[in-house]
Amino acid sequence: MKLPELSPAFKKAQSFISSREAEFRERLFEFLRFPSVSSDSRRRGDVARCAEWVRKRMREAGLKVELVPTEGHPIVYGERPGRPGGPALLVYGHYDVQPADPSKEPWRQDPFEPVVESGSVVARGASDDKGQVLALLCGIRAALEAGLGEDLHLKVLIEGEEEVGSQSLMPFVSREKERLRAEAVVIADSTQFAAGLPAITYGLRGILCLEIIVRGPKKDLHSGSYGGAVANPAMVLARMVAACHAPFGKVAIPGFYDKVRPLDDQEREEIRKLPFSDREFQEEVGAPKLWGEEGYSVLERRWARPTFEVNGLVSGHTGEGMKTVLPAEARAKISMRLVPDQDPEEIGRLASEYIQSLAPASAAVEVKLHHGARPVLVRCDTGAVRAAMEAIAVGFGREPVFVREGGSIPVVNTFKEALGTDSILIGLGLPDDGAHGPNEKFSLDDFRRGMVTMAALIEKLGKTGEGH
Ligand SMILES: [Zn+2]
């Protein structure tokens with residue numbers, strides 16, 4: 001792909017960005033100083049102050065903004081109307097962060113007092129998602145100052161509950177469906193494929209969680225006096241869980257693969273071309289050997305094949321020393337990652353039926369279904385995706401690669417279900433930014449590239465007849 005020609009107005013936006021570098025960096029530091037930990041009720045005031053700060057930045061960017069109170073934390077929503085009948089873009093991000101307890105996690109400094117180390121800002125939320133959100137807002141400000149994309153209806157939604165499940169987002173989006181309607185949703189809450197290799201994520205796995213509870217005797221028994229005459233729930237559970245896997249890394253639940261869309265040759269070829277080393281991946285995870293479904297590469301296993309994973313097993317005595325007990329109960333927490341076109345509800349039913357069919361008469365088995373989310377596969381041949389590709393090429397100096405992600409991003413489903421709109425996931429961060437972990441960081445170069453990308457996207461989408 002040839003890098004697109006830059007217009008004089010776009011150059012104006014670019015110089016606005018370079019001339020304000022120090023100011024934008026200071027803004028990023030201010031943003032990061034709010035301990036906006038959405039899961040911590042003691043931080044409610046900090047979260048609210050952070051929302052207020054975001055409102056100011058959005059107003060400064062040229063948007064008409066409102067702070068929407070919710071049962072949880074406020075949603076900040078801003079708009080800039082375009083030409084009547086013009087295209088609309090919805091930008092999404094979040095200002096809340098994961099907890100950062102330096103006494104449990106080895107932070108080198110106060111997680112809410114940002115410092116710069118080797119060209120990156122280090123603080124909780126640097127990459128997930130404050131750095132990325134602010135890059136978009138600064139990009140919007142630069143674009144509007146330069147008069148780019150005047151036809152485009154710009155809609156920006158920054159929520160404060162992403163890290164706790166976005167409980168208030170779905171009701172808000174359904175209620176404001178008409179107002180939020182857009183040709184494309186842009187989300188910057190993911191990563192590039194590697195340093196210097198920007199990516200658009202076009203696929204996400206879905207999820208279904210369930211819990212298996214096996215109950216045996218009415219209370220824990222002496223394993224000497226009773227063992228051998230009463231079935232052990234831990235053993236029963238272990239057999240049942242093991243029976244959910246078939247040889248060669250496959251899942252044994254009947255019907256599990258019926259709706260799985262096979263990878264086509266072209267996509268497999270694209271994945272194969274990505275710079276990825278099995279050896280480095282193995283070193284990164286530290287497992288003695290890699291494992292997975294036969295016939296698929298590591299990236300295919302993580303992105304495009306479904307799984308059945310044990311997240312937790314609890315039974316009997318797990319404390320210090322030995323205790324010769326025959327436990328009354330055993331529990332397993334399971335998550336299944338789903339791929340198109342598996343349906344979480346159907347998979348939940350198939351899994352429950354199969355697990356129940358494995359239950360011996362000597363124990364009572366309960367299967368509890370928890371939350372689910374559909375897998376996502378976005379069309380890559382739309383005008384909006386092409387515009388995003390070109391914008392990234394301008395911002396990062398090279399075209400993005402197309403990747404999938406093994407995890408689930410529930411807001412993508414929210415926008416799809418409520419608005420019928422696909423999300424374009426532009427990752428500004430790096431895979432090793434350490435989101436949710438200690439010493440989270442975000443490259444200041446990527447911060448600037450993100451601003452330029454956003455300004456370029458507004459110009460691209462704002463031209464009548466393009467981008468949708
Ligand atoms: Zn995030």
Side-chain angles (χ1 to χ4, degrees), residues 9-34 36 46-69 73-82 88-97 112 114 121 123 125-127 129-160 162 179-180 182 186-189 391 395 426 428 442 444 446-459 461-462:
F10 184 75
K11 286 182 184 154
K12 205 171 140 196
Q14 261 183 327
S15 56
F16 182 83
I17 291 169
S18 351
S19 69
R20 305 264 172 159
E21 198 179 327
E23 178 192 332
F24 291 161
R25 187 180 294 199
E26 192 38 55
R27 290 291 187 217
L28 177 57
F29 277 43
E30 283 172 27
F31 198 5
L32 293 168
R33 284 189 191 114
F34 291 100
S36 51
D46 293 305
V47 178
R49 278 186 285 281
C50 189
E52 185 55 47
W53 186 92
V54 172
R55 188 228 297 251
K56 281 190 199 129
R57 299 292 81 73
M58 279 166 63
R59 194 177 283 156
E60 196 172 61
L63 304 168
K64 193 166 163 287
V65 195
E66 61 186 284
L67 209 57
V68 184
H73 302 297
I75 289 171
V76 197
Y77 179 70
E79 280 183 351
R80 198 289 312 257
L89 170 69
L90 176 61
V91 177
Y92 164 89
H94 62 94
Y95 65 84
D96 64 323
V97 297
F112 297 104
V121 56
S127 179
D129 188 28
K130 288 176 172 173
Q132 304 202 46
V133 161
L134 191 62
L136 300 186
L137 294 181
C138 295
I140 290 171
R141 184 173 166 196
L144 300 188
E145 290 272 349
L148 295 174
E150 283 178 339
D151 286 352
L152 185 68
H153 295 275
L154 256 177
K155 308 175 180 192
V156 181
L157 195 176
I158 312 292
E159 68 154 319
E162 197 275 344
R179 197 144 64 119
L180 296 174
V186 161
I187 301 179
D189 191 13
I426 296 176
L428 304 178
F442 185 53
L444 288 166
D446 289 334
F447 183 46
R448 184 184 41 76
R449 292 178 186 126
M451 297 178 206
V452 177
T453 299
M454 187 67 221
L457 184 63
I458 290 172
E459 176 174 50
L461 288 172

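At a threshold of 4.5 Å between non-hydrogen side-chain atoms, the residues V54 and V133 do not count as touching. Residues D189 and E162 have side chains in contact (heavy-atom distance under 4.5 Å, counting atoms from C-beta outward). The closest side-chain heavy-atom distance from V452 to F10 is below 4.5 Å. Contact of the L428 side chain with the R449 side chain is not registered, since no non-hydrogen atoms from C-beta on lie closer than 4.5 Å. Side-chain contact check for V97 versus S36: some heavy-atom pair is nearer than 4.5 Å. With contacts defined as side-chain heavy-atom distances shorter than 4.5 Å, the pair L136/V156 does not qualify. Using a 4.5 Å cut-off on side-chain heavy atoms (C-beta onward), R80 and I140 make no contact. By the 4.5 Å heavy-atom criterion applied to side chains, F442 and P114 are not counted as neighbours.
Scanning both residues, E459 and L148, for their nearest heavy atoms gives OE2-CD2, 3.5 Å. Nearest heavy atom pair, residue A51 against residue V76, reads O-CG2, 3.7 Å. Nearest heavy-atom pair, H73 versus G160, reported as atom, atom and distance to 0.1 Å: CD2-O, 3.4 Å. Scanning all heavy atoms of the two residues, the minimum distance from D151 to G462 falls at CB-O, 3.1 Å. C50 and F31 make their closest contact through SG-CE1, 3.6 Å (heavy atoms, listed as atom of the first residue, atom of the second, distance). Minimum heavy-atom separation, I17 to A142: CG1-CB, 3.6 Å.
Side-chain atoms of E66 do not come within 3.5 Å of backbone N or O of Y77 as any donor-acceptor pair. H94 places no side-chain N or O within donor-acceptor distance of the main-chain N or O of E159, the cut-off being under 3.5 Å. The backbone N or O of F34 sits less than 3.5 Å from a side-chain atom of K130, completing a donor-acceptor pair. Side chain of K155 to backbone of A88: no donor-acceptor contact under 3.5 angstrom is found.
A salt bridge between R141 and E23 is present, with a side-chain N of the basic residue lying under 4.0 Å from a carboxylate O of the acidic one. We find that E21 and R25 are joined by a salt bridge, their nearest charged nitrogen and carboxylate oxygen being less than 4.0 Å apart.
Once rounded to the nearest 0.5 Å, the distance linking CD of E79 with CG of L63 reads 9.0 Å. With values rounded to the nearest 0.5 angstrom, M454 atom CE is found 11.5 Å from C138 atom SG. For the atom pair E145 CD and S15 OG, the distance stands at 11.0 Å (nearest 0.5 Å). The CG atom of L67 lies 12.0 Å from the CD1 atom of I158; values are rounded to the nearest 0.5 Å. To the nearest 0.5 Å, atoms CG (L137) and NZ (K56) are separated by 14.5 Å. Rounding to the nearest 0.5 Å gives a distance of 11.0 Å between CG of D129 and CG of L134.
Residues passing the ring pair (Phe, Tyr, Trp, His ring centres under 6.0 Å) test with F447: none are found, sequence neighbours excluded. Applying the side chain to side chain contact (heavy atoms under 4.5 Å, CB included) test to E26 and every residue at least two apart in sequence or in another chain returns F29, E30, R33. Listed by chain and residue number, nothing satisfies the side chain to side chain contact (heavy atoms under 4.5 Å, CB included) test with K64 (two or more places apart in sequence, or in another chain).
Cation-pi check for R57 over W53 is met; the charged atom lies under 6.0 angstrom from the ring centroid and within 45 degrees of its normal.
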*Might you work through the salt bridge (charged side-chain N to carboxylate O under 4.0 Å, His left out) test for R27 and E60, ending with a clear yes or no?*
CA-CA 12 Å; R27 290 291 187 217; E60 196 172 61; 3.3 Å; yes

